[in-house]
Amino acid sequence: MNLILRLLLNAVAVFALANILTGVSVDGYLSAIIVALVLSILNLLVKPLLVILTLPVTIITLGLFLLVINGLIILLADKFIDGFSVASIWWAILFSVLLSILQSLLQSFLKKDKK
């Protein structure tokens, strides 16, 4: 049940950010849920491989290259999902940073409700 709730909270975050950012668009609520699901799967399977392959660059940039990797994951999700589009890598990086912040805020509200 907790996994479904987290997925729905992530979908709300995706939908809210798509309405705020002009370079990102989502067709509807169902597309936002699919984006949240695909991003979760990509972060689970593809991101660790990218982090390992780009470890020297990540070390040289003191971890800032992880922002680029997150942007690439967003662009990869854009290619997989028809109802989701991102204009450029810069919009993807901005979307990724704001999505992380919004997800952490929503997750903190979820943890407060459990106590």
Side-chain angles (χ1 to χ4, degrees):
M1 184 67 182
N2 191 21
L3 180 66
I4 294 171
L5 187 58
R6 289 179 67 187
L7 181 68
L8 290 176
L9 285 175
N10 290 342
V12 167
V14 166
F15 190 76
L17 287 176
N19 286 330
I20 293 171
L21 299 175
T22 58
V24 180
S25 67
V26 175
D27 285 347
Y29 297 115
L30 182 62
S31 293
I33 292 172
I34 293 170
V35 168
L37 182 65
V38 168
L39 283 177
S40 298
I41 292 169
L42 288 175
N43 281 329
L44 181 69
L45 300 175
V46 177
K47 188 175 179 180
L49 293 173
L50 287 177
V51 169
I52 290 171
L53 291 174
T54 62
L55 192 60
V57 177
T58 304
I59 291 171
I60 289 171
T61 61
L62 302 175
L64 289 176
F65 193 73
L66 292 173
L67 294 173
V68 175
I69 291 174
N70 287 338
L72 291 174
I73 295 291
I74 299 291
L75 288 177
L76 190 59
D78 174 23
K79 298 298 180 199
F80 287 143
I81 303 166
D82 289 333
F84 177 63
S85 66
V86 180
S88 68
I89 185 73
W90 300 110
W91 283 111
I93 291 172
L94 179 63
F95 179 76
S96 170
V97 169
L98 293 176
L99 184 63
S100 297
I101 292 169
L102 195 54
Q103 283 175 343
S104 66
L105 287 173
L106 291 173
Q107 298 301 330
S108 69
F109 290 138
L110 183 64
K111 287 181 183 177
K112 286 182 183 178
D113 288 343
K114 282 190 166 187
K115 289 183 180 179

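Hydrogens, waters and symmetry mates play no part in the numbers below; they use all other heavy atoms, side chains included. A quick note: this is a predicted structure, and the numbers were derived from the prediction, not measured.
- Val14 and Leu105 fall within the same hydrophobic cluster, where Ile, Leu, Val, Met, Phe, Trp and Tyr residues are linked whenever their side-chain heavy atoms come under 4.5 Å apart, directly or through other members.
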Stepwise side chain to side chain contact (heavy atoms under 4.5 Å, CB included) test for Leu50 and Ile73: CA-CA 9 Å; Leu50 287 177; Ile73 295 291; 4.0 Å; yes
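- No more than 12 heavy atoms of other residues, nucleotides or ligands shown are found within 6.0 angstrom of CD1 on Ile4.
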Pair Val51-Ile69, side chain to side chain contact (heavy atoms under 4.5 Å, CB included): steps then yes or no: CA-CA 8 Å; Val51 169; Ile69 291 174; 4.2 Å; yes
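- Neither Leu55 nor Val68 shares a network with the other; the hydrophobic side chains, linked directly or stepwise wherever heavy atoms of I, L, V, M, F, W or Y lie under 4.5 Å apart, form separate groups for each.
- Here the shortest heavy-atom pairing between Ala13 and Leu99 reads CB-CD1, 3.7 Å.
- At a threshold of 4.5 Å between side-chain heavy atoms, the hydrophobic network of Ile, Leu, Val, Met, Phe, Trp and Tyr places Leu64 and Val97 in one connected group.
- Of all heavy-atom pairs between Ala92 and Gly71, the closest is CB-O, 3.5 Å.
- Between Ile101 atom CD1 and Leu106 atom CG the span is 12.0 Å, to the nearest 0.5 Å.
- Between atom CZ of residue Phe65 and atom CG of residue Leu72 there is a gap of 6.5 Å, rounded to the nearest 0.5 Å.
- The cluster map of Ile, Leu, Val, Met, Phe, Trp and Tyr, joined by side-chain heavy atoms under 4.5 Å apart, puts Leu98 and Val24 in the same cluster.
- The distance from the CG atom of Leu75 to the CG atom of Leu42 is 11.5 Å, given to the nearest 0.5 Å.
- Screening residues 24-57 for ring-ring contact (aromatic ring centres under 6.0 Å, His included) gives Phe15-Tyr29 as the qualifying pairs, with residues at least two apart or on separate chains.
- A 4.5 Å side-chain heavy-atom check between Phe95 and Asn70 finds every atom pair outside the cut-off.
- Between Ile41 atom CD1 and Phe80 atom CZ the span is 10.0 Å, to the nearest 0.5 Å.
- Between the CD atom in Gln103 and the OG atom in Ser96 there is a gap of 8.5 Å [rounded to 0.5 Å].
- In the hydrophobic clustering of this structure, Leu21 does not group with Val12; members are Ile, Leu, Val, Met, Phe, Trp, Tyr whose side-chain heavy atoms approach within less than 4.5 Å, directly or through other members.
- Between Leu8 and Ile33 there is a side-chain heavy-atom pair separated by less than 4.5 Å.
- Note that CG of Leu94 and CD1 of Ile74 are 11.0 Å apart. Values are rounded to the nearest 0.5 Å.
- The shortest heavy-atom contact between Ser25 and Ser85 is OG-OG, 2.6 Å.
- Taking the side chain as every heavy atom from C-beta outward, Leu39 and Asn10 never approach each other to under 4.5 Å.
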